[in-house]
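Below is one structure; the comments refer to it alone.
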Amino acid sequence: MSKLAKKVALVTGGSRGIGAAIAKRLAADGASVAITYAKDASAASAVVRAIELGGGKAIAIQADAANVEAVKGAVEKAVSTFGRLDVLVNNAGTAIPKPFEEATQEEMDRVIDINVRGVFATTQAALKHMKEGGRIIMVGSAVGERAVAPGLVPYAATKGAVKMFTQALSREVGSRGITVNNVQPGPIDTDLNPASGDWAIPQKAATALDRYGRVDEIAAMVAFVAGAESSYITGANLTVDGGMNA
Ligand code: NDP
């Protein structure tokens with residue numbers, strides 16, 4: 001029996017990078033999966049096709065995480081398509097690396113709107129449908145706990161907010177049998193944070209394993225937290241960072 005058979009998951013920002021790996025892994029574990037994306041419909045369709053080719057069920061929904069009405073609509077679409085919602089993965093997120101004093105207000109607002117405001121709105125909409133055994137999972141960041149390099153000040157602040165959001169919310173929904181956890185990746189090779197280039201050198205050097213992580217290494221932790229075996233883990237910040245914060 002698949003670990004997530006009969007479960008329904010919504011993964012925000014599931015068309016590329018970490019979110020795509022999470023969507024595929026949850027589907028491989030038996031869940032029906034809805035993904036959201038902002039711009040790239042063809043990348044989102046490719047994830048849906050890959051899941052369907054593997055015998056799973058998936059849909060893609062265009063919903064910018066910064067648009068509260070759009071994310072509410074995405075939650076409703078996932079529920080109306082698959083009949084329920086068991087797992088929400090708040091993965092959509094962005095960073096605009098640059099020295100803090102050079103960041104524009106517009107850039108800072110964008111990072112806050114996607115990484116924090118969107119997480120609040122999506123979680124609130126999802127909780128309306130979640131029952132006993134529900135799973136709210138954030139994709140925060142190792143830099144939400146410890147800032148290892150310059151250039152990510154607003155981003156680190158938003159991921160710190162995600163960390164406390166996780167801890168505080170776990171206290172409110174625990175009595176309903178719903179867990180809330182925050183998976184905190186270290187440097188993972190994606191379009192957002194490629195393992196090659198100038199930004200990568202200090203990040204790789206900061207890890208104990210002396211390498212970037214792979215998207216499937218984050219998806220494995222998310223799959224564990226989504227499953228029944230993690231039933232006594234809540235309000236936790238689960239860092240998967242190759243030892244960057246050690
Ligand atoms: P990518 O930029 O590689 O992928 C981002 C995904 O999110 C894409 O599917 C993209 O779709 C979607 N997305 C982007 N903006 C929005 C938006 N406004 N609304 C909805 N979807 C959106 O990022 P990663 O996979 O690297 O990052 C995923 C998460 O992991 C983020 O929360 C990030 O902060 C976190 N993280 C990443 C780390 C890393 O080293 N890579 C380290 C620590 C945390 P589209 O193409 O359509 O825009």
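Residues take their numbers from the sequence shown, with the count starting at 1. We count ligands from 1, going down the list as the structure has it; atoms in each ligand are counted the same way.
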Side-chain (Asn91) to main-chain (Thr12) donor-acceptor, under 3.5 angstrom: yes
Any N or O of Thr36 closer than 3.5 Å to N or O of ligand 1: no
Tyr37 versus Asp64, side-chain donor and acceptor atoms under 3.5 Å: no
Donor-acceptor under 3.5 Å (Asn115 side chain, Thr158 main chain): no
Test item: side-chain donor near acceptor, Gln203 and Asn193, under 3.5 Å: yes
Asn237 versus Thr239, side-chain donor and acceptor atoms under 3.5 Å: no
Side-chain H-bond candidate by donor/acceptor type, Thr123 with Asn90, under 3.5 Å: yes
Flag side-chain contact, heavy atom, 4.5 Å: Val87 against Val8: no
Candidate with minimal heavy-atom separation from atom 38 (C) of ligand 1, of Pro187, Ser141, Gly186, Ser42: Gly186
Polar contact flag for Tyr37 and ligand 1 (N/O pairs, less than 3.5 Å): no
Per atom 2 (O) of ligand 1, closest listed option by heavy atom (Leu192, Asn193, Val11): Leu192
Under 3.5 Å: N/O of Ile114 near N/O of ligand 1: no
Heavy-atom nearest neighbour of atom 10 (C) of ligand 1 within options Gln184, Arg16, Lys39: Arg16
Which segment of Ile18 sits under 4.0 Å of ligand 1 when only heavy atoms are counted: both
Ile188, any N or O under 3.5 Å of ligand 1 N or O: yes
Min heavy-atom dist Ala44 to ligand 1 below 4.0 Å: no
Closest to atom 20 (C) of ligand 1 among Gly118, Gly13, Ala63 (heavy-atom distance): Ala63
Met244 to ligand 1, any heavy atom closer than 4.0 Å: no
Ion pair check, Glu69 and Lys72, cut-off under 4.0 Å: yes
Atom 14 (C) of ligand 1 touched by protein (heavy atom, under 4.0 Å): no
Tyr212 to ligand 1, any heavy atom closer than 4.0 Å: no
Side chain, backbone, both or neither: Gln62 near ligand 1, heavy atoms under 4.0 Å: neither
Nearest heavy atoms of Pro154 and Met108, plus distance in Å: CG-CG, 4.0 Å
